[in-house]
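First up is the structure itself, then whatever we jot down about it.
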Amino acid sequence: MNVTIKTLGVAAVLGLAATPALAQEKVKIGLLLTLSGPSAVLGQQARDGFQLAVKDLGGKLGGRDVEVIVVDDELKPDVAVTKVKGLLERDKVDFVVGPIFSNVAVAVHKPIVDSNTFYISSNAGPSNLAGKSCSPYFFATSYQNDQNHEVLGKVAQDRGYKKVYLLAPNYQAGKDALAGFKRHFKGEIIEESYVPLNNLDFQSELAKIASLKPDAIFTFMPGGMGVNLVKQYRAAGLADRIPFLSAFTVDESTLPAQQDAAIGMFGGSNWAPNLDTPQNKKFVADYEAAYNSVPGSYSMHAYDAALLIDSALKATGGKTDNKDALRAALKKADFKSLRGDFKIGANGFPVQDFYLVKAAKRPDGKFQTEIVEKVFDDYTDAYAKECAATN
């Protein structure tokens with residue numbers, strides 16, 4: 001596999017170096033991900049998913065050798081802007097893929113699209129980038145932030161819950177999460193609580209939940225926040241009394257640490273490892289063999305990001321200089337997504353299916369989310385109509 005992987009600011013990732021004469025012919029991909037701190041596992045999953053796809057594609061994207069440059073945004077928007085400018089100005093990447101968190105996604109949006117470089121989000125989907133601030137240089141292989149949370153709002157409404165407690169971190173994705181839940185839930189919100197990003201102690205919130213006795217709680221707590229919240233919720237004796245609904249809180253990135261504390265808790269997603277298709281079964285098996293962990297949506301979206309770029313470069317004969325042709329090829333998304341139904345909408349975000357999923361323990365002792373039911377079919381995000389760009 002003739003692929004070079006550089007890593008800046010994180011532990012070295014091994015790759016095969018090409019000769020200098022061939023270096024200029026490579027397509028350059030900048031992976032901008034959170035790879036340190038409590039939420040590092042999210043970025044690690046995305047990095048591993050993208051690199052697995054490149055390996056499966058024979059070390060090439062659209063017939064061209066690949067140089068993948070991995071940088072750690074440290075979950076700091078100012079650091080991310082500095083590092084993305086390095087990718088654009090020093091490394092002259094053809095695509096920027098990432099990031100994980102929406103505050104970073106918003107911060108780096110302007111420098112990327114102003115440089116006429118294609119920006120492929122493999123996770124973050126803030127509402128403004130889907131709507132009024134959309135760009136013909138921005139595409140996502142994930143979702144618009146609200147959508148996974150809308151799944152739980154619809155489920156809570158359909159199950160007849162009357163009073164729900166909402167809990168999220170105080171940043172853009174947290175606000176989008178609760179907005180998404182409320183789009184379909186018409187009952188009473190008895191409390192809407194925001195905590196600082198990377199908060200790890202939820203005792204005061206749990207005491208309030210116990211006293212208010214809602215019919216359910218809904219939360220969005222990614223990474224280490226979700227690990228601690230679930231463990232503390234179970235330890236407080238609330239898990240058997242008040243249904244726990246969430247998105248990105250109980251998933252393959254957090255389950256290895258949550259384990260039995262999370263079993264039976266519900267989530268919303270556009271995919272799960274047990275999705276029954278031959279392509280997905282192969283991906284899950286290959287990922288587990290390569291990284292000794294169960295893949296989550298972070299890795300699936302990044303894998304698909306590589307497939308999207310590969311499909312576009314195939315359509316352009318490997319060329320990246322004609323931006324209009326490359327944009328048209330990206331919009332066509334002529335590849336088979338690991339999740340099945342997938343197409344790019346008018347604002348660059350996917351039109352896709354969404355599911356209610358549940359945390360479970362597999363016979364081999366590993367933990368994963370599993371599909372319970374489909375909630376939305378070929379679902380378009382609520383902000384697409386606000387996007388005036390022609391992608």
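This chain uses plain numbering: 1 for the first residue, then up along the sequence. All values derive from a computational prediction rather than experimental measurement.
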- Look only at the side chain of Q352 and the backbone of S142, and say whether a donor-acceptor pair between them is shorter than 3.5 Å. yes
- Going from CD1 on I100 to CG on N123, what distance comes out if it is rounded to the nearest 0.5 angstrom? 4.5 Å
- Item | Separation between CG of L166 and CD1 of I189, rounded to the nearest 0.5 Å | 4.0 Å
- Item | Whether over 12 other heavy atoms sit under 6.0 Å from K366 NZ | yes
- Is a side-chain N or O of D304 found less than 3.5 angstrom from the main chain of L338, in a donor-acceptor match? yes
- Task: Could you tell me whether the side chain of Q279 and the main chain of K336 form a donor-acceptor pair under 3.5 Å?
- Result: yes
- Task: Treating Ile, Leu, Val, Met, Phe, Trp and Tyr as nodes and any side-chain heavy-atom pair under 4.5 angstrom as an edge, say whether V108 and L129 lie in one connected cluster.
- Result: yes
- Query: Tell me, do D176 and Q144 make a side-chain contact under 4.5 Å, heavy atoms counted?
  - Reply: yes
- Message: Angle between ring planes, H149 versus F218, binned at 30° and 60°: parallel, tilted or perpendicular?
- Response: perpendicular
- Gap separating the OH atom of Y161 from the CD1 atom of I242, nearest 0.5 angstrom: 11.0 Å
- Can you say whether the rings of F101 and Y171 are parallel (under 30°), tilted (30 to 60°) or perpendicular (over 60°)? tilted
- Item | N/O donor-acceptor pair under 3.5 Å between N148 side chain and A247 backbone | no
- Would you please indicate yes or no on a ring centroid separation below 6.0 angstrom for Y143 and F248? yes
- Task: Decide, yes or no, whether a salt bridge links D91 with K28 under the criterion of side-chain N to carboxylate O below 4.0 Å.
- Result: no
- Note on the structure: Separation between CG (L35) and CD (Q44), nearest 0.5 Å, reads 6.5 Å
- Exam field: side chain E370 to backbone R362, donor-acceptor pair closer than 3.5 Å: no
- Message: Under a 4.0 Å threshold between the charged nitrogen and the carboxylate oxygen, would D260 count as salt-bridged to K361?
- Response: yes
- Message: Any side-chain to backbone donor/acceptor pair from Q157 onto K186? Under 3.5 Å, distance only.
- Response: yes
- Task: Could you check whether the rings of Y379 and F376 sit parallel, tilted or perpendicular, using 30° and 60° as the cut-offs?
- Result: parallel
- Message: Are F138 and Y119 an aromatic pair, judged by ring center distance below 6.0 Å?
- Response: yes
- Message: Taking CG in N116 as the centre, count heavy atoms belonging to other residues, nucleotides or ligands within less than 6.0 Å. Is the count above 12?
- Response: yes
- Donor-acceptor pair, side chain of D215 and main chain of K163, under 3.5 angstrom: yes
- Taking the side chain from N347 and the backbone from A130, do they hold a donor-acceptor pair closer than 3.5 Å? yes
- Worked check of side chain to side chain contact (heavy atoms under 4.5 Å, CB included) between Y298 and V41: CA-CA 10 Å; Y298 306 94; V41 64; over 6 Å; no
- Message: Please check this pair: side chain of Q45 against backbone of S297, looking for a donor-acceptor N/O pair closer than 3.5 Å.
- Response: no
- Message: For K374, is the NZ atom crowded, meaning more than 12 foreign heavy atoms sit under 6.0 Å from it?
- Response: yes
- Query: Does the pair N198 and L75 meet the rule for a side chain to side chain contact (heavy atoms under 4.5 Å, CB included), with working shown?
  - Reply: CA-CA 10 Å; N198 279 336; L75 191 42; 3.8 Å; yes
- Does F95 have R64 sitting over its ring (NZ/CZ under 6.0 Å from centre, angle to axis within 45°)? no
- Got a sec, which pairs hit ring-ring contact (aromatic ring centres under 6.0 Å, His included) with one end in residues 308-341, sequence neighbours left out? F335-F342
- Determine, stepwise, if the pair T249 / M221 fulfils side chain to side chain contact (heavy atoms under 4.5 Å, CB included). CA-CA 5 Å; T249 306; M221 287 290 165; 4.0 Å; yes
- Task: Check whether L197 and V106 end up in the same hydrophobic cluster, where Ile, Leu, Val, Met, Phe, Trp and Tyr are linked by side-chain heavy atoms less than 4.5 Å apart.
- Result: no
- Checking Q259 side chain against P256 main chain: does a donor-acceptor pair fall under 3.5 Å? yes
- Item | Same cluster (ILVMFWY, side-chain, under 4.5 Å), F118 and L57 | yes
